[in-house]
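Inspection log for the structure reproduced underneath, given as structure tokens.
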Protein chains: 2
Amino acid sequence: MRARENGVRLTPVRRRTLEILLEAHGALGAYDVLERLSAEGYGTQPPVAYRALNFLVENGFAHRIQRLNAFTACVHPARDHRAAFLICARCNSVTEACADSFTQAMIEAASAVGFQLERSTIEAVGLCSACAGKPA
Amino acid sequence: MRARENGVRLTPVRRRTLEILLEAHGALGAYDVLERLSAEGYGTQPPVAYRALNFLVENGFAHRIQRLNAFTACVHPARDHRAAFLICARCNSVTEACADSFTQAMIEAASAVGFQLERSTIEAVGLCSACAGKPA
DNA sequence: TGTTGACTGTTATGATATAACGTTAGATAG
DNA sequence: CTATCTAACGTTATATCATAACAGTCAACA
Ligand SMILES: [Zn+2]
Ligand SMILES: [Zn+2]
Ligand SMILES: [Zn+2]
Ligand SMILES: [Zn+2]
């Protein structure tokens, strides 16, 4: 199979991994993904999940959430974008927000101190609108 | 010993842990810290390091760098502040920068979508001024 | 048709982090 | 001055996250 456009091959494991992320609401750990993959007849060992997830991240189909050691499907995979993530401390939901303007400002601020910024991670923890309404 | 001000007790392990972070240039992993602590007669097991490090982070003496699974001493521990970290992809140095204005803007942007932001993590990867000058 | 390279799978191991429990020593109430 | 309490410390054991290294498969293609 000739690579789609820029050499991207969305093979069965990779596609299924992406679907698993899409089906999940919020982020999934690599071992959660692995559990599902292996239940469906794919490989049973960690590298299977990590390779597929890393592929998705590198090709803009998913993002890694550092704070949660987890992965989440990108909500607008086609476009080049910088994302920020709003992580609910109560229900663990993860919402992807556009951070293009913040990132641009950060690139400029960083360059003022001589730092040549390549990519940034913005992860915020707080309460989602659903949880903020509820009592403690 | 009556707690300093707000109940903070900088015990020997904790103080030494902070010194170790200060002596290091850049961030240290918990096991790096543990190695030094145990060589000096403190406990030899992971919880010793993790407890001291978590204490320092919770009390504003240090920050955790998610991307590196590492810790770094705060450069201005006295003041309440939001930090951003500039991580050099080449030499792994970590520079703490003030992110108060970014954070404020993010709080407002988040609240516009109903998210009540509590704390955020901003970590940027790129080239420090020293490394940007050098060739590949 | 033989070689190549991307992909998938495996075993084994490494790296990071916490649960649970016993001990110690300073603070405080009686 | 005791008895009691509690924060902090240390340990063992285990959980969780991640990668190195290598073998088999298969389509592309010279
Ligand atoms: Zn995205
Ligand atoms: Zn929530
Ligand atoms: Zn700081
Ligand atoms: Zn550098």
* Partners of A:Phe71 by ring-ring contact (aromatic ring centres under 6.0 Å, His included), sequence neighbours excluded? ->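 Counting only residues at least two positions away or on another chain, A:Phe71 forms no ring-ring contact (aromatic ring centres under 6.0 Å, His included).
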
Does a side-chain heavy-atom distance below 4.5 Å link [X] with [Y]?
X        : Y        : result
B:Leu10  : B:Phe55  : yes
B:Leu21  : B:Phe61  : no
B:Ile122 : B:Met106 : yes
B:Tyr42  : B:Thr17  : no

Rounded to the nearest Å, what distance is computed from the [atom1] atom of residue [X] to the [atom2] atom of nucleotide [N]?
X       : N      : atom1 : atom2 : result
B:Asn59 : D:dA7  : CG    : P     : 14 Å
B:Glu58 : D:dA7  : CD    : P     : 14 Å
A:Ile65 : D:dC17 : CD1   : P     : 14 Å
B:Gln66 : C:dT16 : CD    : P     : 14 Å
A:Leu68 : C:dT16 : CG    : P     : 19 Å
B:Asn54 : D:dA8  : CG    : C1'   : 14 Å
A:Leu37 : C:dC7  : CG    : P     : 17 Å

* Could you encode protein contacts along nucleotides 9-15 of chain D as a string, one character per nucleotide from 5' to 3', using B for base contact, S for sugar-phosphate-only contact and - for no contact, with a heavy-atom cut-off of under 4.0 Å? => BBBB---

* **All side-chain hydrogen bond (donor to acceptor under 3.5 Å, both in side chains) counterparts of B:Arg14, not counting sequence neighbours** =>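 Here no residue qualifies.
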
* To do: Sequence neighbours left out, what pairs pass side-chain hydrogen bond (donor to acceptor under 3.5 Å, both in side chains) with at least one residue falling in residues 19-33 of chain A?
  =>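 Qualifying pairs, neighbours excluded: A:Arg16-A:Glu19, A:Arg16-A:Glu23.
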
* Sort and list the pairs that fulfil side-chain hydrogen bond (donor to acceptor under 3.5 Å, both in side chains) and have at least one residue in residues 95-113 of chain B, not counting sequence neighbours. =>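 For residues 95-113 of chain B, and leaving out neighbouring residues, the side-chain hydrogen bond (donor to acceptor under 3.5 Å, both in side chains) pairs sorted by first residue read B:His63-B:Glu96, B:His81-B:Glu96, B:Gln104-B:Glu108.
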
* **Residues in contact with DNA chain C, drawn from residues 26-36 of chain A - heavy-atom cutoff 4.0 Å** =>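 Heavy-atom cutoff 4.0 Å gives no residues at all.
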
* Asked: Within the structure shown, what part of the strands sits under 4.0 Å from A:Arg16 by heavy-atom distance: base, sugar-phosphate, or nothing?
  ->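 Counting heavy atoms under 4.0 Å across all strands, no contact is made by A:Arg16.
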
* Asked: Would you find more than 12 non-hydrogen atoms of other residues, nucleotides or ligands less than 6.0 Å from A:Glu35 atom CD?
  ->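 Count not over threshold, so no.
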
* Asked: With respect to the side chain of B:Arg9, which nucleotide from C:dT18, D:dA18, D:dA7 is positioned closest?
  ->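 Taking heavy atoms from C-beta onward, the closest nucleotide is D:dA7.
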
* Given C:dT16, is OP1 or OP2 found less than 4.0 Å from the side-chain N or O atoms of A:Asn69? ->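 Answer no for this pair, as no side-chain N or O of A:Asn69 is under 4.0 Å from OP1 or OP2.
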
* Asked: Are OP1 or OP2 of D:dA18 and a side-chain N or O of A:Tyr50 less than 4.0 angstrom apart?
  ->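 Indeed, a polar side-chain atom of A:Tyr50 lies that close.
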
